[in-house]
Amino acid sequence: MPIRFEAVSFAYPGTQTGVRAIDLAVGDGELVALIGPSGSGKSTCLKLLAGFYRPDHGRINVDGHDVDTLSPESRRLGIVFQNYALFPHMSTRDNVAYPLKVRGVARAERRRTANEMLDRVGLSDLGDRAPKTLSGGQQQRVALARALVFKPRALLLDEPLSALDAGLRVAMRDEIRRVQREAGIATIHVTHDQEEALSIADRVVIMSDGAIAQIGKPDEVYDRPRTRFVARFVGQANFWQGTVGEENQVETPIGRLRHNQEGVRPGDKVLVLVRPERLDLFFENPKTPPPNYFKGHVTQDRFLGSIRRFDFAVAGNVIRVETRNRAAPRAVAIPPDAIRLLPPDDNENKMGELS
Amino acid sequence: MRAVTGAYLLYLAAPILLLFVGSFGASWTGTLLPSGFTTKWYIEVFTDPSFQRAFKTSLIVVLCTCVLNTLIGLPLAYAINTAARSGVKVAARIVSLLPIAVPELVLAFGFILVFSSDTLPFLGTTWLLVLAHVVLTLPYLLNVLLADMASLGLDDLERVAATLGASFRSRFLDIVLPGLQHSLLTGLITVAAISIGEFQLSNLVAGFLSRTYPVVLLQAFYGATGFACAATVILLVLAILAAAAGAFTARAAQTG
């Protein structure tokens, strides 16, 4: 395993903030995204790995070696910072060649390698330009080339796309993924953008309050979140408090729902999760109503371009629905397999809350 | 608006212009403008031994002040900038700015008290003068360097250089020094300009044989007006040269 965190804890001197009991392994060529709200500890994990801080407890392992006693310069990790941190007084090529220069590579050799690397990120014509004359996306690619040119053990990306505008951000995701695949390098990508994480990562780590809330493949954490926090952080969701009844039933404020989740017993208190895009819409009365069928009417209607997100009023409660359909339905149904039962949250007992 | 600006500029320029005119005037007593044209005042200033000595002293003091400022200011600014705790940064900045806030007179009396004692009998030496100038000018250099470090994002640049494998030595030579070369130069020119024109502190601390140019200049005003004007114009030219050099480097730094 190129990167392994073993029970790593760290608190910033004089504070309670930091990370607690982080266990994480990143495999060869794997891209793992760390997401979480600001202050959840995702950047701290990266700084610990880079060597800017030392863990208070636990160990960090890179390529089978403990790195906790190593300084940042001897860890051989390629890092792309949020603001790219390109050296302003060097040309683009010299920036990319710098890691080779400090390793004593001969001038001609490092020029050749830097040109190759610039070629790989599509900037072969811009080697002589000063970094500040490049666009944001180009600077980002220079930073990526510079972080990869010395064949590091792993690549660390610290919110590398947050300084770019929305359209460019999406294009750069693919670019990062392509370059990372070509290099076949273990990568940790820190971001607060859940869509970015789900779209490029092999696995996603959701962090909350300095600890890991869940690790899994993108569709796993989206479809089978373990807690309300995870469910809410990776996407839109309907939540209802519920009590499990007999025969795959669950009692909720909007009525009795059929589900088909295993492993719950009658009487269990649960949190019912339904993703808004999983609902079926009805524009006429069906001959035989499906399970979990609700008549009602649209209240709030929000047009978002590719989809529409509306609130559907049902018996004093609201179901949030997402659809491509432009017409207003007369009824909605929740397919039983769209229902996830999560452990109830102790400190939140608001009923029928949307997020 | 224009009239006010014009009047203000005239008010600023008038004494300087008068000095210039006066330095070439043959005689100037009791009239608004001098009469006659002569360059003898300049020749007199140049041949006056006490002015020659003062000019030399001033150049030595300026040079040493700049060298010492670089040797002290650069590492100090670096240390303040990389200080881990923000409290340390703030404290360091306040302490380093004190010489600007404290009246020079207070500083001078402090120097006199400390260095006229039997244990530290250095009052009147050129070295003490240099030290006094360093104390006075270091905050200006520190300010310029710290501002430049912040706008460059030097901590981030160094951090990234470290992750790319650069040792402290490489980082300092490849990243810190080249990054700061323009602001160091601008800062030193400010330092030189202040050191050249400094009067209060030098007047109290300097020994009779290590008087700087501005201190000797005061004596000139007890003699012929033309002589005093010529001597002042020389100081003015020096100061303007320093300021112009500063402006040019600042511009070069912006475009380059």
Side-chain angles (χ1 to χ4, degrees), chain A residues 12-15 46-47 49-53 67 70-91 94-105 110 114 130-133 142-158 160, chain B residues 74 77-79 81-92 144-188 248-256:
Chain A
Y12 287 98
T15 69
L46 213 63
K47 285 173 182 155
L49 180 56
F52 300 140
Y53 300 110
V67 293
L70 296 181
S71 62
E73 54 260 40
S74 38
R75 292 193 180 196
R76 250 184 68 209
L77 299 167
I79 304 183
V80 175
F81 284 76
Q82 196 168 356
N83 57 6
Y84 320 136
L86 297 177
F87 306 130
H89 57 282
M90 294 184 193
S91 71
D94 288 344
N95 262 281
V96 176
Y98 188 68
L100 305 174
K101 184 185 172 200
V102 297
R103 283 175 174 74
V105 175
R110 64 179 191 246
K132 69 178 170 190
T133 65
V142 176
L144 194 60
R146 186 179 61 180
L148 285 171
V149 73
F150 60 104
K151 302 202 163 45
R153 293 187 174 116
L155 180 63
L156 316 184
L157 308 171
D158 187 8
Chain B
L74 207 53
Y78 182 82
N81 190 55
T82 49
R85 285 159 191 264
S86 55
V88 174
K89 278 189 184 184
V90 174
V144 174
L145 288 177
L146 285 171
D148 198 35
M149 285 173 171
S151 75
L152 273 177
L154 197 68
D155 344 13
D156 271 350
L157 294 183
E158 260 214 281
R159 259 186 184 190
V160 84
T163 66
L164 297 173
S167 61
F168 176 76
R169 204 183 106 88
S170 305
R171 296 202 298 267
F172 198 77
L173 294 180
D174 298 336
I175 310 297
V176 179
L177 276 186
L180 293 178
Q181 57 182 358
H182 291 300
S183 57
L184 180 63
L185 205 57
T186 349
L188 284 182
F248 279 122
T249 21
R251 181 175 300 173
Q254 269 166 18
T255 54

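In what follows, every chain begins at residue 1, and chains take the letters A, B, ... in the order their sequences are listed.
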Response to the item:
Closest non-hydrogen contact found for B:Ala166 with A:Val102 is CB-CG1, 3.7 Å

Worksheet item: Are side-chain heavy atoms of B:Leu164 and A:Phe87 found at a separation under 4.5 Å?
Response: yes

Worksheet item: Taking all non-hydrogen atoms of both residues, which atom of A:Met90 and which atom of B:Ile175 are closest, and how far apart?
Response: CE-CD1, 3.9 Å

Worksheet, complete the sentence: If one checks every heavy atom of A:Arg103 against chain B at 4.5 Å, the contacting part turns out to be side chain

Discussion item. For A:Phe52, does the six-membered ring have the charged nitrogen or CZ of B:Arg159 within the cation-pi criterion, i.e. under 6.0 angstrom from the centroid and within 45° of the normal?
Written reply: yes

Fill in: Closest-packed option against chain B by number of heavy-atom pairs under 4.5 Å, given A:Ala85, A:Ala50, A:Gly78
A:Ala85

Practice prompt. Go through the atoms of A:Leu156 and report whether side chain, backbone, both or neither lie under 4.5 Å from a heavy atom of chain B.
Written response: neither

Fill in: Contact check, side chains of B:Gln181 and A:His89, non-hydrogen atoms, under 4.5 Å
no

Worksheet item: Under 4.5 Å between any side-chain heavy atoms of A:Pro88 and B:Leu157, yes or no?
Response: yes

Fill in: Heavy-atom pair with the smallest gap, counting every atom of A:Tyr98 and B:Ser170
OH-O, 3.5 Å

Fill in: Closest approach of A:Ile79 to B:Val160 (non-hydrogen atoms, all atoms of both residues)
O-CG2, 4.1 Å

Worksheet item: If you take all heavy atoms of B:Thr163 and A:Phe150, which pair is closest and at what distance?
Response: O-CZ, 3.9 Å

Worksheet, complete the sentence: Checked A:Arg146, A:Arg75, A:Arg76 vs chain B; the most non-hydrogen pairs under 4.5 Å come from A:Arg146

